[in-house]
Each structure stands twice: as C-alpha cells, then as structure tokens.
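Whatever order the structure lists them in is the order used to number ligands and atoms, beginning at 1. Counting begins at 1 with the first residue of the sequence.
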Amino acid sequence: MEDANVRDSTGYRSADRRLSTLGRHLGALSPSSAASRLPPMASENPTGTIAPSPTAGFYGGSVFAHVVQAPEDPILGVTVAYNKDPSPVKVNLGVGAYRTEEGKPLVLNVVRRAEQMLVNDPSRVKEYLPITGLAEFNKLSAKLIFGSDSPAIQENRVATVQCLSGTGSLRVGTEFLARHYRERTIYIPQPTWGNHPKVFTLGGLSVKTYRYYDPVTRGLNIQGLLEDLSSAPSGAIVLLHACAHNPTGVDPTLDQWEQIRKLMRSKGLLPFFDSAYQGFASGSLDADAQSVRMFVADGGECLMAQSYAKNMGLYGERVGALSIVCRSADVAVRVESQLKLVIRPMYSNPPIHGASIVAAILKDRALFHEWTVELKAMADRIISMRQMLFDALRARGTPGDWSHIIKQIGMFTFTGLNSEQVAFMTKEYHIYMTSDGRISMAGLSSKTVPHLADAIHAAVTRTN
Ligand code: PLA
C-alpha cells in the first residue's frame with residue numbers, strides 16, 4: 001500500500017496526486033454523467049485540482065455558527081461547577097450519588113465479587129445481547145420489584161426489557177406509549193425529578209402536573225393530589241415514584257397509596273412507576289416495593305421503570321429494566337414485540353456487563369444476601385446523616401423547624417432553602433447543591449455535616 005502522506009519529487013503528496021488525477025478524469029466526462037454529481041467546484045475547476053466545498057468551512061464560517069451555547073443540566077451541571085472549584089472544603093451535594101464516610105464513591109463488595117466471577121468464567125463472550133437484553137436479568141428484575149410470588153409473573157403477563165438504567169427505561173416506555181396508547185397526556189408530580197418532563201415530552205407525550213408537595217407542611221398534599229387526579233381525563237397516564245420521592249423525600253403512607261390506587265383504577269388512569277431507589281428508602285427491598293405491589297395485586301396494568309444505579313451502585317454501568325404488566329399473556333407477547341421495534345433503531349441492544357453483574361447477584365442466595373446487607377448499610381448511613389444534620393442545626397439554634405430533615409426519606413432532603421440562599425452557600429461555603437434547595441444526604445459525612453450546618457445557619461440568618 002502506498003502511504004498517502006509520502007511526497008514525490010515535485011513535493012506533492014501521493015493523495016493529492018490521486019485526487020488531482022481523479023478530478024481531471026471526471027472533468028473529461030460529459031456534464032450529464034459523474035461530473036454533474038460532484039460538488040460544483042470540483043468539476044468546474046479548470047486547473048483540475050479539487051477545491052473545497054462551500055460547506056466544508058474553508059471560508060471562515062462554520063455551518064454550525066448559529067448554534068447557541070446550551071445551559072448546563074440543572075443536576076449534572078452542579079458536578080461540573082464543583083469540579084472547577086479549587087477550594088479544599090468544597091462539598092458536592094448535587095447529584096444523588098452515594099459516598100462513603102471518607103467522601104469516596106463506593107463499589108459494593110458484592111459487585112466486586114460478582115465481577116470477579118464473570119471475569120474468571122472463560123465461557124463468557126462479548127456477543128450482542130438480544131434486543132430485549134439478558135433474559136435472565138429481565139426475569140430476576142421483574143421478581144425483585146413485583147415479588148417472587150407475583151401472580152402477574154406466574155401468569156406470564158409481564159413484558160420486561162433491559163434498558164439503559166432508569167432514564168432509558170422511562171424513555172423506551174414513553175415511546176411505546178406514544179405509539180400504542182390512546183391517551184397522550186402524562187401527569188407528573190409537582191415537583192419531580194427535573195429530567196422527567198424532558199424525557200416524556202421528547203418521547204412524544206404531553207406533560208401536565210398534579211399537586212404533590214405542600215411547602216407549608218413540608219409533607220404530602222394528599223387532598224390536592226386526589227383532586228387533580230380526579231379531574232384528569234379517563235385513561236391519562238400518571239407518573240408515580242415507587243418510593244423515596246425525588247426531590248422531596250416525601251412518600252404517601254400505605255393508606256394514602258390505597259386511596260390513590262382506588263381512585264386511579266376507578267378512573268382508568270394508567271400508572272407509570274419510576275423505581276430508582278428500591279431499598280434506599282427503608283433499607284428493605286420488599287418494603288420499598290409495596291406501593292407497586294398494591295397496584296399489581298389488583299390485576300390492573302401498569303408500567304415500571306427500574307434502575308440499579310443507586311441500590312447496586314452501578315451508576316455508570318447503565319443497568320435498568322422496563323416492565324409492562326398486561327392483562328393477559330398474549331397481550332404481553334405482542335407488547336414485547338413492539339418494544340423491540342422501539343429499541344432496535346434507538347441503540348439496537350443493551351450492554352452486557354452491568355446486567356450480567358446484576359443477574360449474578362440476584363440469582364445467587366449468598367450474593368443476594370450480601371447485597372441486602374450492604375444496601376441496608378448505605379440506607380442506614382444516610383439516615384444517620386439526617387439525624388446528625390438535624391442535631392447540628394439545633395445546636396446552632398438555626399431559626400426554623402428542621403424536623404423535615406429527619407422525617408423525609410431516601411437519598412435527598414428538600415431543605416426549603418431558596419435559590420438565593422443556595423447561591424450564597426455555594427459562593428461563601430463551597431457547598432454545591434441544586435437550586436431548588438435539594439441536598440443529597442448520601443454525599444454527606446460526619447466530617448462535612450458541621451460545615452453544611454454552618455452554611456445553612458449563615459444562609460438562613462443573613463440572607464432572609
Ligand atoms: N428517576 C429518578 C426519580 C431519579 O432520581 C433518577 C436519577 C433517575 C430516574 C435516573 O437514574 P438512572 O438513569 O441513572 O438510572 N436521579 C439522580 C441523577 C440520582 C440524575 O439526575 O441523573 C439525581 O441526582 O436526581
């Protein structure tokens with residue numbers, strides 16, 4: 001093979017020579033033939049050299065010059081700002097990512113063990129997975145959220161596909177609904193995870209909100225919630241956080257879930273569950289799945305987006321599943337066939353590594369047990385951070401009732417701090433959090449709690 005960069009005696013690169021010959025050759029052809037299909041300057045250039053196309057940016061202007069700078073993501077952008085801050089006391093409480101007492105990311109021991117097993121198994125190959133993902137992972141994921149004795153699973157009424165973590169599962173479910181479901185409106189809680197409205201809108205649904213959080217009581221506005229769902233059109237889709245509501249940390253009680261379920265079923269509203277924190281709310285996988293299991297037990301249909309990012313610490317592996325619980329097994333088969341048509345042109349098929357880790361852990365009794373212990377330890381550390389922060393604010397006599405810090409559950413505390421106070425804490429104390437006043441309790445440690453408490457105290461007493 002001739003090296004395209006080698007120069008001949010006249011100083012021409014061989015590639016230039018070839019292009020020049022090609023240009024001459026094409027120029028000699030009739031205008032109706034190949035030359036007319038070339039960019040105009042290549043065929044019309046009398047010197048026979050190929051001139052750049054006007055779209056190639058040679059004339060100074062980019063064809064993308066009109067593209068405006070997009071803002072950073074409201075959650076992931078907090079990490080970008082944090083990374084740029086040289087301060088040694090900086091703390092990132094923006095994204096919901098678990099950190100150890102030492103402030104380090106955690107890879108669970110059980111995950112390391114499962115990975116080691118996979119690496120040591122020479123029979124494992126890197127072939128494409130089917131469009132629907134790893135079959136074993138799908139079955140185990142459905143069991144984890146719906147319960148191993150779930151009638152829907154036993155009756156083969158659940159179509160489960162492996163997706164790219166929680167977000168990918170939500171997106172695939174949305175695109176399926178936009179194509180195959182009669183009602184295009186989804187009701188989402190006010191407030192909710194900031195990415196929800198974007199995923200649903202871009203996936204083809206129109207978004208409305210229902211009342212959820214009462215800033216006065218810092219608890220659930222069950223009355224407002226029930227009223228808003230009562231006035232939703234029959235058949236509308238309703239997004240429900242299975243547990244550990246993000247960003248508020250406020251969940252309905254089981255009695256309230258029952259009220260919501262009855263109302264939704266009587267109106268034919270379709271539940272779309274988002275389960276990103278199973279095990280993180282209470283420390284128990286089963287307790288955190290109760291809301292979902294109530295809806296499945298009544299025989300009705302629903303969608304479920306599951307994520308293993310938080311509860312197995314597999315954030316970057318992008319492991320999740322979408323399940324659609326159907327009325328009958330034959331509907332589930334057809335639903336799955338259509339999910340494949342959504343997935344194939346989007347990313348073809350999902351990655352193998354993370355799903356293999358999850359399947360290895362879920363199917364092995366000892367590994368599963370080890371996982372539940374580690375999960376509980378993470379949940380417990382978060383709960384202890386709540387108590388510690390609450391005590392620290394009390395000790396400082398910070399004005400206000402901070403009991404919501406210990407009442408709220410899951411990864412986040414919705415502090416009630418406004419965007420000005422947040423900006424003050426970032427500027428003066430290098431505390432990074434989302435502007436809605438949400439802090440990731442999982443990012444705190446006993447070393448950083450006093451610093452955070454000082455910052456909150458200063459924000460509340462100086463900027464009000
Ligand atoms: N659903 C909810 C309610 C979430 O809070 C998140 C993640 C997801 C789905 C998606 O997670 P996944 O795609 O990684 O599985 N929310 C995080 C991270 C933890 C984020 O914003 O992406 C958050 O800080 O809110």
Asks: Between the side chains of R157 and E301, is the shortest nitrogen-to-carboxylate-oxygen separation below 4.0 Å, so that they form an ion pair?
Replies: no
Asks: Would you please classify the geometry between the W257 ring and the F273 ring as parallel, tilted or perpendicular, with 30° and 60° separating the classes?
Replies: tilted
Asks: Should the pair R438 and F412 be classed as cation-pi, given the thresholds of under 6.0 Å to the six-membered ring centre and 45° from the axis?
Replies: yes
Asks: Quick check: does I75 get an N/O under 3.5 Å from an N/O on ligand 1?
Replies: no
Asks: For ligand 1, is there an atom lying under 4.0 Å from some heavy atom of M411?
Replies: no
Asks: What residue and heavy atom of the protein are closest to atom 3 (C) of ligand 1, and at what distance?
Replies: D274 OD2, 3.4 Å
Asks: Give the atoms of ligand 1, by number and element, whose distance to some non-hydrogen atom of K310 is under 4.0 Å.
Replies: 6 (C), 7 (C), 11 (O), 16 (N), 19 (C)
Asks: Can you tell me which portion of Y308 lies within the under-4.0 Å heavy-atom range of ligand 1? Options are side chain, backbone, both, or neither.
Replies: neither
Asks: If we only consider heavy atoms of V95, is any one of them less than 4.0 Å away from an atom in ligand 1?
Replies: yes
Asks: Does NZ or CZ of K90 come closer than 6.0 Å to the centre of the six-membered ring of Y82, within 45° of the ring's axis?
Replies: yes
Asks: Any N/O of G96 closer than 3.5 Å to an N/O of ligand 1?
Replies: yes
Asks: Can you name the atoms of ligand 1, numbered from 1 with element, that are less than 4.0 Å from a heavy atom of G166?
Replies: 12 (P), 13 (O), 15 (O)
Asks: Under the salt bridge (charged side-chain N to carboxylate O under 4.0 Å, His left out) test against D228, which residue among K267, R211, K208 passes?
Replies: R211
Asks: Given that the side chain starts at C-beta and the backbone is N, CA, C, O, which of these parts of R171 lies under 4.0 Å from ligand 1, counting heavy atoms, or is it both or neither?
Replies: neither
Asks: Has K310 got its NZ or CZ under 6.0 Å from the middle of the six-membered ring of Y277, at an angle within 45 degrees of the ring axis?
Replies: yes
Asks: Taking K139 first and then E136, would you say they form a salt bridge - that is, a charged N and a carboxylate O separated by under 4.0 Å?
Replies: no
Asks: Taking the side chain as C-beta and beyond, is there a heavy-atom pair between S445 and E102 under 4.5 Å?
Replies: no
Asks: State whether the shortest distance between N or O atoms of H241 and N or O atoms of ligand 1 falls below 3.5 angstrom.
Replies: no
Asks: Under 4.0 Å, counting heavy atoms only: does R318 come that close to any atom of ligand 1?
Replies: yes
Asks: What protein heavy atom is closest to atom 16 (N) of ligand 1, reported as residue, atom name and distance in Å?
Replies: W193 NE1, 3.3 Å
